[in-house]
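See structure below.
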Amino acid sequence: WQVNSYVVTADAGAGLILQIEGWEIQDGNHTATKTVKFDSPYGTLPTPRKIGYLFDGWYFEETYQNVVISTTIVKTADNHTIYAKWTPDPNTKFTVYHYVMDTQGAYPSLADRTDNLTGTTDSTITLATFKQTSLEVAGGIVYKEGKVGDQVVTTTIILPDGSLVIKLYYERLQHEATIDANKGYRVSDNKTEPVTNTYYYGETIEVPEYRRTGYTLTNYMLKGTESDAEATGTFTFNTTPKTGTWTIGTQDETLSMVW
C-alpha cells in the first residue's frame, strides 16, 4: 500500500503565523498549510502570536477538545484543519492617571499621579478600584469620577494592545468661610456685619484690615462655624498692617476678631 498525503491547515484565527519551514503561509499570516502523511507525525507546528493573548496549543476542534502536538500521528484520512487556542494574557498593560482639582476648581493638564498597571486582557474592571486614598482628604478632597476617553464610566475592559488609559478625577470640596468683625468694622467699606463666602479646601484668602473704635486688634479666633469645633484651617496674623491670610480647612469655619 502507498501511504496517502493530506493537507493540514493551521488556523490561528485572529492571531498571526510567522514564517516556518515546511509550511506555506496564507490568508495574511492567519493560516498556514502543510502536506502530511497518514500514520506519520505532524512534525513541527507553528507558534502563532496574538497581541494580548497567550498561545495555548493546537486542537483538532474549534471547541478545543483534542490537542495536536508535533508527535501526534496523522489519523485523519482527508484534508483537515487544526485550530489555535488563545488564553487572555494576565499581564496586559494599562495606565491610570489621577487628577486632583486645584484650589480654583480646575483640573490640571498634567496628572498628579500615574500608575502603570497590568491585568487580564478583555476582563472588566471597575475604575473606582484604582482610586488612591492617599490623594483624598476627609472633608477636603474626594474621588469624583473616572473617564475612558471623554466618557464618564464606572467599568471598562482591558484592551489587548495595552492602550487602555483611565483618568480618575478627585473633587475639592467647598466650605463657607465667615469673617466676624466682633463689633469692629472693615476699613475698606466700614462694613460691620459678618461676611460669608464659599471657598475650596486648601484655598488661601486674604483677610483685610479691620478696626474698632477704642480697641486694638490683638488676634483672631478660628473655629468651626456650627459645632464650635477646633479649626481645620490655618490663619497667619500680620501685625502691620493688621491683616492676615486664611487657608480654608475641611469644614465651615468662622474667623472672629479678638479686641
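Numbering of residues begins at 1 and proceeds along the displayed sequence.
- Note: Tyr210 and Tyr185 fail the aromatic proximity criterion, with ring centroids not under 6.0 Å apart.
- Between Thr243 and Val207, the shortest heavy-atom distance links the atoms CB-O, 3.2 Å.
- Counting heavy atoms from C-beta outward, Val258 and Tyr220 have side chains that stay 4.5 Å or more apart.
- Between atom CG of residue Asp112 and atom CG of residue Leu110 there is a gap of 9.0 Å, rounded to the nearest 0.5 Å.
- In this structure, His175 and Glu253 have side chains that are not in contact, with every pair of non-hydrogen atoms separated by 4.5 Å or more.
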Name every donor-acceptor pair, under 3.5 Å, that has one atom in a side chain of residues 93-105 and the other anywhere in the protein, sequence neighbours excluded.
residue : atom : partner : partner atom : Å
His98   : ND1  : Tyr170  : OH           : 2.8
His98   : NE2  : Asp115  : OD2          : 2.8
Asp102  : OD1  : Gln104  : N            : 2.9
Asp102  : OD1  : Gly105  : N            : 3.1
Asp102  : OD1  : Ala106  : N            : 2.9

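- Within the structure, every pair that satisfies the side chain to side chain donor-acceptor pair (under 3.5 Å) test and touches residues 82-91, not counting sequence neighbours, is listed here: Asp56-Thr87.
- Sorted by first and then second residue, the side chain to side chain donor-acceptor pair (under 3.5 Å) pairs with a member in residues 135-144 form an empty list; sequence neighbours excluded.
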Would you mind writing out the side-chain donor-acceptor pairs for residues 186-195 within the sub-3.5 Å range, not counting sequence neighbours?
residue : atom : partner : partner atom : Å
Arg186  : NE   : Asp189  : OD1          : 3.0
Arg186  : NE   : Asp189  : OD2          : 3.4
Arg186  : NH2  : Asp189  : OD2          : 2.6
Asp189  : OD1  : Lys191  : N            : 3.1

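- When the ring-ring contact (aromatic ring centres under 6.0 Å, His included) test is applied to Tyr215, no partner is found at least two apart in sequence or on another chain.
- Between Ile73 and Asp39 the shortest side-chain heavy-atom distance falls below 4.5 Å.
- Separation of the His80 and Phe38 ring centroids does not fall under the 6.0 Å cut-off.
- Among residue pairs with one or both ends in residues 5-24, those qualifying as side chain to side chain donor-acceptor pair (under 3.5 Å) are Asn4-Tyr6; sequence neighbours excluded.
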